[in-house]
Amino acid sequence: MAVTTDALPAAGAVEATPAPTSPRDTLRRQLYGYLFVSPWVVFFVGIFAFPLAFAVWMSFYDYFFAAPGADVERPFVGFDNYTSALTDPQVLESFRNVIVFLVINVPLTVVLAIGLAIALNAAIPFRTFFRTAYFVPYVTASVATIAVWLWLFSSDGLVNKLLGPLAPDPPFLINETLAMPTIAVYVTWKQLGFYVLLYLAALQNVPKELYEAAGIDGAARWAKFRHVTWPGVRPATTLIVILSVIIGSNLFTEPYLLTGGGGPNGASATPVFVLYQRGIEQGDAGYAAAIGVLLVIFVAVVALLAKWVSERGT
Amino acid sequence: MTQTIDAVEAEQAATPERPPGRPRHQRSIVRLVALTLGAFVFLFPFYYMLIGSLQEEPDTSVAGAFPNPGNLTTKNYSDINGSIDLLRSLVNSGIFTAAVVFSTLFFGLLAGYSLAVLHYRGRGAAFAAVLLVQTIPFQLLMIPLYVLLVRDYGLGDTYLGMILPFAISATAVFIFRQFFLQLPVELFEAARIDGAGEFAILRRIAIPLALPVILTVTLVTFIGPWNEFLWPFLVTKKADMQPLAVSLANYISNLASRAANPFGAILAGACVLAAPVVALFIIFQRHFTASDIGSGVKG
């Protein structure tokens, strides 16, 4: 992800000045350079570049799974896969579901993460404990945390017991309106600790003098936040918005397990889930590849839009 | 990036902010209460996972959130073990994770050293590849990799098929490169003048210096395959090849309805899956740095 790359923009610029060496040494170092980097290059081409090109190629063919060894024809179909995906109600609904997810998840993530980071940034007791606590869901397997959410939000689970007469009917995970929002809350909970850490790091870069100057000017707490903190952490906000858009648009485990296969009635099916169903379960790989390409375009557009909003918003 | 959380903390502690407005102690109490509530929301599901895994009868009432000696059992653990063979699943998870960690450390160190210290044509392109890989989500590669590895090369239900897409973590290459870049060039030049070969320099100078970074990379890389669900789920159909995350997920979606206390068994499995990573994270907390961890975790 872009996290690490953004954290250290300067390091790439540092070029080592080569000491004077004989041409033979230079040649030797070049050979070792190629030797050492070659496993990575092979991996990049085999696991990344070639499959990526293959996916795009496949999306223009009627590429389906056949029995091993069978000689089948997989004709070129132009944009057929794309046009049928764009008119497929199942695909369209999955993109609508992602939009519902993002509308809830992204603002919630930003607000909670900056709030917790500011609270943690002050001199408070047990800071290590708090930071660890917020981070534990992030490092734990989705499958494990989903198990306990399934229990908490089941029809006679603890959450419904606590809500009593306010408990939704049908219960959260099988409710067409609430299934996707529940997933959005789950993902916010799961990922938040990481974003809190990003904001904590960003808060270290806000110049202390600005706070002091604002204090002399008699700025209230909210004004300080709006005029000093928020502009100061804007790069982090942009990064967090982009990351949460990318993660949120690529959900699979959550609709598969938490809502029992994108249910109810496809109300929580995501594009990756549909891609799995069509491509792997039904063997229509060309069609699934087209959905994948559409998803990448969708993510790029939403991420740019979100970046634009977060850079202009106050 | 190499700035650890503790360093950040020390910096913060040294310069406490002095906000105007309400009295300081009052505000810090409000802050502490908010943080405590937050921590409760974050930790309660883990506590509830453990309690639920030990209940003989699932008790979803508020009282059920407290341990009740009359309702405690370890039977759920033997139940889940009877359904998905915990040991076998743990061994599969272990092989998958260990292979990914080992291969990432080995090839990642070589690539990172090469990208930082050695000079050759095409080095910039190889590094651009490192950055590019980190921006594309794995889900996009799912279909072509499935077609290639499982359908064409017949690697379904093999460890190799599980491991290959994660064999070299781009994050690890990146972290190693950044680390080697900040070491003084003279260190390597001096060794070369003494006639040391690149392998010897890597083994005797670069790796010993990189030990703390190697620990961080090991931890961050460990979490990825241990938690990974999607890819091993696609690759493994045979139960005796599935890592724990996959066999537990299959239990949740297929078999749970047949068990007497399905949630008890599910939560017992979840505890076994979560425990190693949570324990590692708590023990080595200070080695997880904010910027390093992000890309390692995709589970």
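Every chain is numbered from 1 and lettered A, B, ... according to where its sequence line falls, protein lines coming before strand lines. In this text the structure is predicted, and so the values were computed from the model without any measurement.
With chain B as the partner, the residue from A:V41, A:L257, A:I280 showing the most heavy-atom pairs under 4.5 Å is A:I280. Between chain A and the residues B:L118, B:T60, B:I193, B:L132, the most heavy-atom pairs under 4.5 angstrom are made by B:T60. Among the candidates B:C271, B:P165, B:A245, B:P276, the residue making the largest number of heavy-atom pairs closer than 4.5 Å to chain A is B:P165. Between chain B and the options A:G157, A:P271, A:G261, heavy-atom pairs under 4.5 Å are most frequent for A:G157. Taking chain A as the reference chain and counting heavy-atom pairs below 4.5 Å, the highest number among B:A65, B:A126, B:S53 is found for B:A126. Among the candidates A:G46, A:P51, A:A55, the residue making the largest number of heavy-atom pairs closer than 4.5 Å to chain B is A:P51. No other option in A:W57, A:W189, A:F252 has as many heavy-atom pairs under 4.5 Å with chain B as A:W189. Most heavy-atom pairs under 4.5 Å with chain A, from the set B:A249, B:A274, B:S61, B:A275: that is B:A249. Ranking A:F36, A:F54, A:F48 against chain B, the residue ahead of the rest is A:F36, based on heavy-atom pairs under 4.5 Å. Your options are B:L234, B:L244, B:V173, and the one with the most heavy-atom pairs under 4.5 Å with chain A is B:L234. Options A:I124, A:D156, A:T132 differ in how many heavy-atom pairs under 4.5 Å they form with chain B, and the most are formed by A:T132.
Both the backbone and the side chain of A:L150 come within contact range of chain B, with heavy atoms under 4.5 Å apart. With a 4.5 Å cut-off on non-hydrogen atoms, B:V130 touches chain A through its backbone and its side chain both. Residue B:F106: no heavy atom, backbone or side chain, is found under 4.5 Å from chain A. Proximity to chain A involves both the backbone and the side chain of B:I168, based on heavy atoms less than 4.5 angstrom apart. Both the backbone and the side chain of B:F199 come within less than 4.5 Å of a heavy atom in chain A. Heavy atoms closer than 4.5 Å to chain A are found in both the backbone and the side chain of B:V62. Proximity to chain A (any heavy atom under 4.5 Å) is shown, for B:A125, by neither the backbone nor the side chain. In this structure, chain B has a heavy atom under 4.5 Å from the side chain of A:Y63, while its backbone stays farther away. Both the backbone and the side chain of B:L35 come within contact range of chain A, with heavy atoms under 4.5 Å apart. For chain B, the nearby part of A:F130 is the side chain; its heavy atoms alone come within less than 4.5 Å. Using a 4.5 Å cut-off between heavy atoms, B:V272 makes no contact with chain A at all. For B:T36, the parts lying under 4.5 angstrom from a heavy atom of chain A are both the backbone and the side chain.
Annotation: the span from A:F135 atom CZ to A:L197 atom CG amounts to 4.5 Å, rounded to 0.5 Å.
Residues B:Y113 and A:Y32 keep their aromatic ring centres 6.0 Å or farther apart. For A:Y186 and A:F153, the distance between ring centers is not under 6.0 angstrom. The aromatic ring centres of B:F180 and B:F188 sit 6.0 Å or more apart. Ring to ring, B:F281 and A:Y138 are not that close: their centroids are 6.0 angstrom or more apart.
Residues that satisfy the ring-ring contact (aromatic ring centres under 6.0 Å, His included) test with A:Y34, not counting sequence neighbours, are B:Y120. When the side-chain contact (heavy atoms from CB on, under 4.5 Å) test is applied to A:T259, the partners found at least two apart in sequence or on another chain are A:L173, A:A179, A:I183, A:P255, A:S268.
For A:A117 against A:L200, the heavy-atom pair with the smallest separation is O-CD2, 3.6 Å.
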